[in-house]
Amino acid sequence: MKKIHLSPIKSPLTGTITVPGDKSISHRAIIFGSLAKGKTTITHFLNGEDCLVTIKAFQAMGVEIKQKGEEVIIESEGLDCLKEPLIPIDLGNSGTTARLLLGLLSGLPFHTTLFGDQSLTARPMDRIRDPLLKMGAQIDGRSNGSYLPIAVRGQSLDGITFYPPVKSAQVKSGVLLAGLLANGETTVIETIKTRDHTENMLTAFGGKIKIEGNKVTVQGKQTLTGTDIEVPGDISSAAFFIVAALLIPGSELTIKDVGLNPTRIGILDVLKHMNADIVITETKQVGGESIGDLKITYSELVGVDVAGDVIPRMIDELPILALLATQAKGITRIRDAEELRYKETDRISSVVNILNTLGAKVKATPDGMIIEGETTLIGGQVDSDGDHRLGMMIAIASLICQEDVILTNPDVINISYPTFFDDLNALQSK
Ligand code: S3P
């Protein structure tokens, strides 16, 4: 198994970076670009393994997609031109591709089989299967389609009104995509608003959508038109460097062109409560998404309670927040985050195991964790558990450990941030 040695940092992090394109928005740009008639050009696309899986899936359905690094050009004749893939589609590690595609495939007139890697195969699909069955979908797989591999035989669907029992943008988006192909209207009513990139992008592609608070309604049988999409930097990737700058004395870091969609920046709200010095400057709106720059200065932090409505707005940032909390004064409690157990790994167990191995004092609870600060992190050998965000959390932790950290299985970071170590090294050498 591959391992890398990571040494403590000797100087502050200073300089300016941009981070790769947003993963959620990159997936959706490929999906909507494939469904729309005409040409779509995507810039600052996330050239990471998860999003490449989405490109391959639509190429397998006959869509002409050319990708060169961060630029993608899609020429599509619209959703009627999508064809039955001849072989099963490999979704790798990508939960977003799985949930969104299940929605779409349910209403397309052909048969498809989807499978994924070991992690994705263990992730629950019943959360999207159930509303799709109500719309008339025909889905089968392990445990009646609760887990991949799953086969879908496209059907004529009918719109529904759906109250998602789990707070998941993937499920909302899968149902809305099915709704685009269905007869009548489809409405999703959430208790807490999850990330709304699907809604924004549908509008950018000329689609009709009605949004009233947490209630979203789409018309079925719409025609979308190709457009240009500029993908903002991913706040979930930026979070690793935000935390690094807050942890390392003397650091002063600027991150440019980051997505600042209000449904994604819960991490910034929580960091402010911890006393973090972060200056946010909104610079533009693109495709319904706000973009801006962040200036982060090393700060002495205090522990906080993190719970309730903010959780879905920062669900992917909770592992790196847990690391930060080990260095804040006092206790940090994360609650209402049971969803973490259904991510690429059980991120409650894995984060607790990793941080405790490095020397922290963290306790798992059924829906979160309790983190004691300030604790000295020593170092040791830890595994990414095949989870990209845990790999990066370990790399950032190693900067403040007293001894070296050996990270096993580091390549998983390529899922969402292939240039992570290049960016980290660039900031250190300045
Ligand atoms: C995503 C939504 C989130 C997030 C994932 C990407 C999306 O998952 O964890 O990394 O693109 O819609 P859930 O919506 O299932 O919580």
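Note that ligands are numbered from 1 as they come in the structure, with each ligand's atoms numbered from 1 the same way. Quick caveat, the model's predicted, so the values are computed rather than measured.
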- Note: E339-R341 ion pair, threshold 4.0 Å (strictly below): no

- Task: Identify the protein heavy atom lying closest to atom 16 (O) of ligand 1, giving its residue, its atom name and the separation to 0.1 Å.
- Result: K343 NZ, 2.9 Å

- Do the side chains of L52 and N47 get nearer than 4.5 Å, heavy atoms only? yes

- Polar-atom distance check: R389 versus ligand 1, any N or O pair below 3.5 Å? no

- Nearest neighbour in protein (non-hydrogen) for atom 15 (O) of ligand 1: S168 OG, 2.9 Å

- Message: Checking a contact table here: which protein heavy atom is nearest atom 14 (O) of ligand 1, and how many Å away?
- Response: A169 N, 2.6 Å

- Note on the structure: Tightest non-hydrogen contact, residues D117 and N93, listed as OD2-ND2, 2.9 Å

- Query: Is there any N or O on Q170 that sits under 3.5 Å from an N or O of ligand 1?
  - Reply: yes

- Would you kindly specify which portion of H197 sits under 4.0 Å from ligand 1, judged on non-hydrogen atoms: side chain, backbone, both or neither? neither

- Taking the non-hydrogen atoms of T194, is any one of them nearer than 4.0 angstrom to ligand 1? no

- Query: Do D126 and Y147 have side-chain N/O donor and acceptor atoms under 3.5 Å apart?
  - Reply: no

- Task: Write down the atom of G288, the atom of N200, and the distance for their closest heavy-atom approach.
- Result: O-ND2, 3.4 Å

- Item | Atoms of ligand 1, numbered as shown, that sit under 4.0 Å from any heavy atom of S24 | 1 (C), 6 (C), 7 (C), 11 (O)

- Task: For ligand 1, find out whether one of its N or O atoms is nearer than 3.5 Å to an N or O atom of R127.
- Result: no

- Relative to atom 12 (O) of ligand 1, which among K172, R264, R28, E317 owns the nearest non-hydrogen atom? R28

- Task: Taking only Lys NZ, Arg NE, NH1 and NH2, and the carboxylate oxygens of Asp or Glu, determine whether R195 and D316 approach each other closer than 4.0 Å.
- Result: yes

- Item | D316 neighbourhood, listing ligand 1 atoms whose heavy-atom distance to it stays under 4.0 Å | 4 (C), 5 (C), 9 (O), 10 (O)

- Relative to the ring of F241, is the ring of F420 parallel (under 30°), tilted (30 to 60°) or perpendicular (over 60°)? tilted

- Query: In Å, rounded to the nearest 0.5 Å, how long is the span from OG1 of T43 to CD of E70?
  - Reply: 9.0 Å

- Could you tell me whether the side chain of L224 reaches within less than 4.5 Å of the side chain of F32, counting heavy atoms only? yes

- Message: Any atom of ligand 1 sitting under 4.0 Å from a heavy atom of H27?
- Response: no

- Can you tell me if T345 and D385 form a side-chain donor-acceptor pair at under 3.5 Å? no

- Message: Is there a polar contact, in the sense of an N or O pair closer than 3.5 Å, between I315 and ligand 1?
- Response: no

- Task: Could you list the atoms of ligand 1 found under 4.0 angstrom from a heavy atom of K23?
- Result: 10 (O)

- Message: Any nitrogen or oxygen of S173, side chain or backbone, less than 3.5 Å from one on ligand 1?
- Response: no

